[in-house]
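Source: prediction; values computed, not measured.
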Amino acid sequence: MDQAAREATASPPLPKFENPKGPVADFYIAGWIQKLERIGDLNYPGSMVGQLKVKVVLNPQGGLERIIMVDPSGNKELDAAAERIIRLSFPYMPFSKQLAAQTRKIEIPLNMHFMGVRRVNAW
């Protein structure tokens, strides 16, 4: 039943998309990941341990467009904490003019690792 409920409420799959390449996009993505890790360190969900894969989609205004759980941790509390940390990392800075000319969104795949201490790594 749980699987059926998840499928009924799941977001449709995203169309194939390729992030812009180059230092402008790399700098923007790296900056958001650093912010995410700082927010994660401050809002770490206790001593829970685990990892999950998630895709985050950012819009040109620096807002969160979508979170997609690609490979949940198996711990609903940890998955919810990861989503909360992601949501807390917004808003972010808008795309630069150069970046906005290249794309209308950026998709960031993350491997989030919770290690039982106040440290969250996402890469």
Side-chain angles (χ1 to χ4, degrees):
M1 184 65 144
D2 191 36
Q3 180 65 26
R6 240 190 324 268
E7 288 174 5
T9 60
S11 299
L14 292 172
K16 292 289 182 197
F17 174 81
E18 229 177 274
N19 278 333
K21 304 271 189 261
V24 173
D26 293 345
F27 182 78
Y28 185 87
I29 292 168
W32 180 77
I33 289 173
Q34 286 178 347
K35 181 178 181 182
L36 174 71
E37 289 178 337
R38 282 192 312 272
I39 297 291
D41 289 348
L42 293 171
N43 295 278
Y44 187 72
S47 61
M48 288 188 279
V49 176
Q51 64 184 33
L52 57 123
K53 292 182 181 182
V54 64
K55 187 183 290 187
V56 180
V57 182
L58 287 75
N59 65 35
Q61 294 76 38
L64 174 63
E65 187 170 306
R66 196 167 181 189
I67 299 172
I68 301 135
M69 282 289 175
V70 176
D71 188 13
S73 68
N75 178 336
K76 289 180 184 181
E77 288 181 43
L78 186 61
D79 294 345
E83 185 171 333
R84 180 174 172 267
I85 288 168
I86 291 167
R87 290 185 185 284
L88 287 171
S89 71
F90 288 95
Y92 189 56
M93 68 179 149
F95 293 2
S96 67
K97 288 181 183 178
Q98 187 177 4
L99 187 56
Q102 296 177 38
T103 189
R104 294 182 314 194
K105 65 181 176 180
I106 291 181
E107 296 178 3
I108 304 175
L110 299 170
N111 293 315
M112 297 183 75
H113 300 266
F114 296 87
M115 299 178 222
V117 294
R118 284 190 95 70
R119 181 79 181 122
V120 176
N121 288 318
W123 63 86

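Hydrophobic clustering (side-chain heavy atoms under 4.5 Å, transitive across Ile, Leu, Val, Met, Phe, Trp, Tyr) keeps M112 apart from V49.
Taking both residues in full, the closest heavy atoms of M48 and N75 are given as SD-ND2, 3.8 Å, listed atom of the first, atom of the second, then distance. Nearest approach of P60 to R104, heavy atoms of both residues: CD-O, 3.0 Å. Of all non-hydrogen atoms in G74 and D79, the two that sit nearest each other are N-OD2, 4.0 Å. Across all their heavy atoms, L58 and Y92 have their closest contact at CD2-CD2, 4.5 Å. The shortest heavy-atom contact between F95 and N59 is CE1-O, 3.3 Å.
With a 4.5 Å cut-off on side-chain heavy atoms, P109 and V70 do not count as touching. Here the side chains of W32 and S89 are in contact, with some heavy-atom distance below 4.5 Å. The shortest side-chain heavy-atom distance between K53 and N111 falls under the 4.5 Å cut-off.
In this structure, CG in D41 is found 8.5 Å from CD1 in I85, a value given to the nearest 0.5 Å. To the nearest 0.5 Å, atom CD1 of residue I86 and atom CG of residue L110 are 6.0 Å apart. Rounding to the nearest 0.5 Å places CD1 of I33 at 5.5 Å from CD1 of I108. Put simply, CD on E65 and CZ on F90 are 10.0 Å apart, with the number rounded to the nearest 0.5 Å.
Residues that satisfy the side-chain contact (heavy atoms from CB on, under 4.5 Å) test with D26, not counting sequence neighbours, are absent from this structure. For the salt bridge (Lys or Arg N to Asp or Glu O under 4.0 Å) test, residues two or more places apart in sequence or in another chain that qualify with E83 are R87.
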